[in-house]
Amino acid sequence: MVDMDKIVSLCKRRGFIFQSSEIYGGLGSAWDYGPLGVEFKNNVKRLWWRDNVHLRDDMVGLDAAITMHPKVWEASGHLASFSDPFTGCADCGRHYRADQIIDAIWNSRWFRAFNKMLEGPAAKKDIQKAVENWIQGEGKKLAPNFPQSILSGNIRLPLEGANDPRFIELLRVLAHSSNGNVMGFLCPNCGSGKLSDPKPASLMLETFLGPVKETATKTYLRPETAQGTFVNFDNVLQSMRKKLPFGIAQIGKSFRNEITPGNFTFRTREFEQMEIEFFVVPGTDEEWHQRWIDERFAWYEKYGIRKENIRLREHEKDELAHYAKRCVDIEYLFPMGWSELEGIANRTDYDLKQHSQYSGKALEYFDEETKQKLVPYVIEPAAGADRSALAFLVDAYHEEEVRGEKRVVLKLHRDLAPVKIAVLPLLKKNDRIVETAKKLCADLRKRWYAVYDDTASIGRLYRRQDEVGTPFCVTVDVQTVGDDKSPADEKVTIRDRDTMEQVRVSMASLESIMDELMAGKWAEVAQVHGIKKD
Ligand code: ATP
């Protein structure tokens, strides 16, 4: 599994994602999508929209406002209960989600170093002494408030991860030695044992609409797009004449005042969601729920997520939101461990009923067959555009050795790749080559996002395109345009990113061949045209 640091660094180096407000020192956990990042994330959203809206006749789209009537959040229950428990460190002032503290410790810098020390030869010889030395040395820098009392040496490593029972046992021992620790854990930042009792913290971000704060309307930046869909249920029903079952899909920004944002774009305070509210006749909800679980799982596989890196997790009864009948998460094996990619919940008729009650407007469906009104049940597949994009990036990242050199390649699905084709001149000093390549690029651009690049040697240009996941490079060389010795053959070389194989094809047939390649037919094209030998 690739380290998150490598992904962050590639994203910055290659123009995918930059830290927000970096020249001012950066704003924690806010990220800006750069030139390639915006293409890539747009592709994620476009494919989601195409597959879930355009290719289905039981779905329509919506784009609701981010700010809504404050009553919406009373009715939805967000004002009363959209909160996470948090704990704060009395020594360094950092806050953490109390329910995620174990993962936070496992991923902390001091714990990683501590764990590594415990694996080393010094600890194998005399664990007591090794721990003491660590506290005085590396520990002082990484975890200055680590309890000085000495850890007993009865735990043997290496530990497998945050779920390893020996890790939990180790935490217990560490906490015990920190005296009077209510939480039973140490601070992931400074190692202190002074973590407060968990308290709930609202995740709603307040905002004021109006020029004078005192008289302005206080409302909230939406924490999910779903409520915009529920309050528009009747508008959509009346204007579109939909019959049950049908869904409303939305892509848009949501905001949550997360206590511990982090892990790059995995958890931020501002993020984009891709949510479906699928309305069904009560009684058919369980079957529809299962269908959506299967369908959404298959979607990630379709765009390249490897089977071994994705799984379903059924919510335990005590973890279910009070209105949910069943909820299943699609989880991805991110660098920091298995984490939620998408949640698929059966929300019953809770939301429509709540909004009916609070607004006084009936949100019902008239069933022509039974001639009765009913309140539909809702199946909600709720995905994150940023999290999906991150999962696709992590999964696509490969390091390979090619002729003794390291090759970094993003094996992104063609439909996801930010740039589809790079047109490269073999010699940038040859005007005919450059002119032909630029014209070719302009022609290809009408169909696919193509770029022209002549800023390095061909080998480097290939590597650069590999690193950003461009599936195909088209090279124009002397033979293409001809010279004093030989006439132009009007052919170009196409190179496939994943196999690095090359075929030589006529420029006139390039567009139709690209059509085949974009449909995933490299092997077929290579068979017809023959693999070019170097
Ligand atoms: P988590 O348990 O990770 O906080 P959640 O269960 O609260 O997530 P949902 O309310 O189900 O998340 O939101 C649906 C999807 O929206 C999530 O699966 C995720 O992809 C995305 N999402 C939620 N919160 C964030 C966030 N803070 N940053 C980025 N994406 C998010």
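Count residues from 1 along the sequence. In listed order, ligands and their atoms are each counted from 1. Computed from heavy atoms alone, side chains included, the values below leave out hydrogens, waters and symmetry copies.
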Query raised in the report: What residue and atom, counting heavy atoms only, is the protein's closest point to atom 16 (O) of ligand 1, and at what distance?
Result: Q273 NE2, 3.3 Å
Report task. Name the closest protein heavy atom to atom 29 (C) of ligand 1, giving the residue it belongs to and the distance to 0.1 Å. Result -> F266 O, 3.1 Å
**Report entry** Sidechain-backbone polar pair: Y96 side chain, T260 backbone, donor-acceptor under 3.5 Å
**Finding:** no
Query raised in the report: Where does D386 meet ligand 1, judged by heavy-atom distances below 4.0 Å: at the side chain, the backbone, both, or neither?
Result: neither
Requested in this report: Tell me, please: is T268 in heavy-atom contact with ligand 1, that is, under 4.0 Å?
Outcome: yes
Report task. Answer yes or no: are there more than 12 heavy-atom neighbours, outside K302 itself, under 6.0 Å from its atom NZ? Result -> yes
**Report entry** Test item: side-chain donor near acceptor, Y300 and E342, under 3.5 Å
**Finding:** yes
Query raised in the report: Any N/O of E275 closer than 3.5 Å to an N/O of ligand 1?
Result: no
Requested in this report: Give a yes/no verdict on whether any heavy atom in E331 is under 4.0 Å from an atom of ligand 1.
Outcome: no
Requested in this report: Could you say whether the N/O atoms of T265 and ligand 1 ever approach to under 3.5 Å?
Outcome: no
**Report entry** R267 touching ligand 1 at heavy-atom level, < 4.0 angstrom
**Finding:** yes
Query - Donor-acceptor contact present, side-chain T284 to main-chain V281, <3.5 Å - result: yes
**Report entry** Proximity of Y377 and F279 rings by center, below 6.0 Å
**Finding:** no
Report task. Taking the six-membered ring for Trp and the single ring otherwise, decide whether the centroids of F334 and F264 are under 6.0 Å apart. Result -> no
Report summary line: Ranked by distance from atom 22 (N) of ligand 1, the top protein heavy atom is F271 CE1, 3.5 Å
